[in-house]
K.L.:
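Below: one structure in structure tokens.
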Amino acid sequence: MAVGLADAGGGGDDRQYGGRITVFVALSCVTAALGGAIFGYDLGTSGGVSSMGSFLREFFPDVYRRMQGDVRISNYCKFDSQLLTLFTSSLYIAGLLTAMLSSWFTARRGRRPSMIVGGVAFLAGAAVSGGAVNVYMAILGRALLGIGLGFANQAVLLYLSEMAPARYRGAFSNGFQLTLCLGSLAANVINYGADKITGGWGWRLSLGLAGVPAAFFTLGAIFLPETPNSLVQQGEDRGKVRALLQRIRGTDAVDAELDDIVAASGGGGGGGLRLILSQPRYRPQLAIAVLMPAFTQLNGINAIGFYAPVLLRTVGMGESLALLSAVITVVIYTASTVVFMFFIDRFGRRTLLIAGSLQMLASELLIGAIMAAELGDEGGMGRGYAAALFVLIGVYVAGYSWSWGPMTWLVPTEVFPLEIRSAGQSVTVPSGFVFTIFVAQGFLAMLCRMRAGLFFFFAGWIVVMTGFVYWFLPETKGMPIEQVGKVWREHWFWGRVVGVDELQASDKP
């Protein structure tokens, strides 16, 4: 499915480029996209394992005792433990600390070596997590997974966008989101089955099996070719890059794309980052690189992604039923992501973002209202209301997964011009980590203190992000990359910002 804008290391109108989707590039991108499966698996595992009685009994006994019926503790506070949330958020703290190093490494050494480093760290994290004998070893395992995530998130998204044919770049990049959903689905199915293992060691299986996709990803990365963009960036011989590009595109007519890659390579690296931070004409892109990932977390999706089983147990569901409900939720997530691929070019970015936001807003308000009315500090919630809550979570997740979920990866890569695209990714990824940490570390404490009001808090942010899209995000559907600057110059607000900078530039001799 063609997604309107060519967003990567080749520039220009994609009609200038020949070629087709070759088996070579398809296999390369499928292998690289396994990085999304590992990310999704880690997302799905943490929430499920955190709700398993055997895991809580071994590493978080205070939380386990509360869940066993300590009537002195509010329903909303039974899982409130900063150590428990550190188990979840340590992955993203490590990813954030790794982000700048991985950005430098990916630019200097290439996309492929960065994926290999990330895969090795994933393997180490899975081994340590599955074999943990105390809580600190479990947190160390998550931190190692975070290091892998820092390298993989930086390299995989660049690899997919640079290897894919220009006119199909958006669809190929959405492969990361799709495999993320599949990884999360696999994790929730495994959590459900592992919870039924007698002997209380099922959580080890859930955590340790992260090594399976990590092994495929690492082994595949060893045999992947480097991207033409990266080879040019590293000063590789032009003839060698042309030969690789001809093999990737399945045609000899690659000179136009190669010329654009060579021209674009001069503005990357640290200079690109300095340009983003210092030049007013890049203020719109900088705002989107920071705010899109921020809004994606502040709307509450990862709070539900991390803690859906915990939340459902809070309202009175049994452990096994809560895990099964999480599986069904992720099936909805995956199906809606597939639907997204068929609508993105027809309706555009703004329409889907606003429609998805309204769907999420209605669901969030109803979730908060039901919990405020039916769930007190003691006792459970009626089955009918618990079922309604589960349905609303599914509606909420569906709205997210055909709008903000894939769009958070797609839009930032579309709006950055070629000379700062790689550097722009080094802003987008850390921004996502910062706000993920905030939500992951703060959700259970906020649930305890704000109770049902927490969901109205998230609903308020959905209003803010909907307004941002309506007033500040221009439509980029079908816009060739060399014309992106025109979008900002003609925008009612951003035109005032970028116009001053371009006027100053035109006055220079």
Side-chain angles (χ1 to χ4, degrees), residues 43-44 47-48 50-52 67 69 73-80 181 184-185 188-189 191-192 195 298-337 339 355-405 439 443-444 446-463 465-466:
L43 284 173
S50 298
S51 72
M52 291 183 185
M67 287 305 301
I73 304 297
S74 166
N75 280 323
Y76 291 97
C77 299
K78 290 185 183 297
F79 283 91
D80 182 21
C181 294
S184 182
L185 176 60
N188 280 279
V189 171
N191 285 341
Y192 178 71
D195 183 57
L298 293 173
N299 66 42
I301 184 63
N302 272 352
I304 290 176
F306 297 148
Y307 300 117
V310 170
L311 179 63
L312 293 171
R313 292 203 68 187
T314 297
V315 302
M317 280 192 182
E319 182 177 326
S320 182
L321 183 57
L323 291 172
L324 178 60
S325 299
V327 172
I328 297 172
T329 300
V330 178
V331 170
I332 296 171
Y333 191 178
T334 305
S336 300
T337 300
V339 169
S357 295
L358 295 176
Q359 182 174 330
M360 293 160 63
L361 176 63
S363 303
E364 199 90 67
L365 290 173
L366 289 172
I367 289 171
I370 290 175
M371 292 189 69
E374 298 298 325
L375 185 67
D377 288 330
E378 299 179 11
M381 179 183 288
R383 286 189 176 183
Y385 288 108
L389 194 67
F390 168 69
V391 170
L392 287 170
I393 290 175
V395 173
Y396 170 83
V397 167
Y400 171 84
S401 57
W402 58 261
S403 59
W404 282 88
V439 172
F443 175 74
L444 294 180
M446 293 168 71
L447 180 64
C448 176
R449 289 155 183 80
M450 298 175 68
R451 290 169 166 73
L454 176 59
F455 297 93
F456 298 117
F457 168 82
F458 288 136
W461 279 107
I462 294 176
V463 172
M465 67 196 225
T466 306

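Position 1 is the first residue of the sequence, and the numbers go up from there. Here the structure is a predicted model, which is why all the values come from computation and not from measurement.
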K.L.:
Going by heavy atoms in the side chains, are Leu454 and Arg449 under 4.5 Å from each other?
P.N.:
no
K.L.:
List the atom of Gly356, the atom of Ser403, and the distance in Å for their closest heavy-atom pair.
P.N.:
CA-OG, 3.5 Å
K.L.:
Between CG of Leu389 and CE of Met371, what distance do you get to the nearest 0.5 Å?
P.N.:
6.0 Å
K.L.:
Does Trp402 reach the side chain of Gln359, with side-chain heavy atoms less than 4.5 Å apart?
P.N.:
yes
K.L.:
To check you understand the geometry: which heavy-atom pair defines the closest contact between Ser336 and Ser401, and what is its length?
P.N.:
CB-OG, 2.7 Å
K.L.:
Mind listing the closest non-hydrogen atom pair of Ala459 and Leu361 along with its distance?
P.N.:
O-CD1, 3.5 Å
K.L.:
Do you know which two heavy atoms are closest between Val330 and Cys181, and how far apart they sit?
P.N.:
CG1-O, 3.7 Å
K.L.:
How many angstroms lie between atom CZ of Phe457 and atom CE of Met450, to the nearest 0.5 angstrom?
P.N.:
6.0 Å
K.L.:
How far does CG of Leu365 sit from CE of Met360, to the nearest 0.5 angstrom?
P.N.:
11.5 Å
K.L.:
With heavy-atom distances below 4.5 Å as the criterion, would you say the side chains of Asp195 and Asn191 are in contact?
P.N.:
no
K.L.:
Between Trp404 and Ile301, is any pair of side-chain heavy atoms under 4.5 Å apart?
P.N.:
no
K.L.:
Between Tyr396 and Leu392, is any pair of side-chain heavy atoms under 4.5 Å apart?
P.N.:
no
K.L.:
Quick one, Tyr400 and Asn299 - any side-chain contact, counting heavy atoms below 4.5 Å?
P.N.:
yes
K.L.:
Report yes if the side chains of Leu298 and Met465 come closer than 4.5 Å at any heavy-atom pair, otherwise no.
P.N.:
no
K.L.:
Which atom pair, heavy atoms only, marks the closest approach of Glu364 to Phe455?
P.N.:
CG-O, 3.0 Å
K.L.:
Identify the two heavy atoms, one from Ser357 and one from Ile462, that lie closest to each other, and give their separation to 0.1 Å.
P.N.:
O-CG2, 3.3 Å
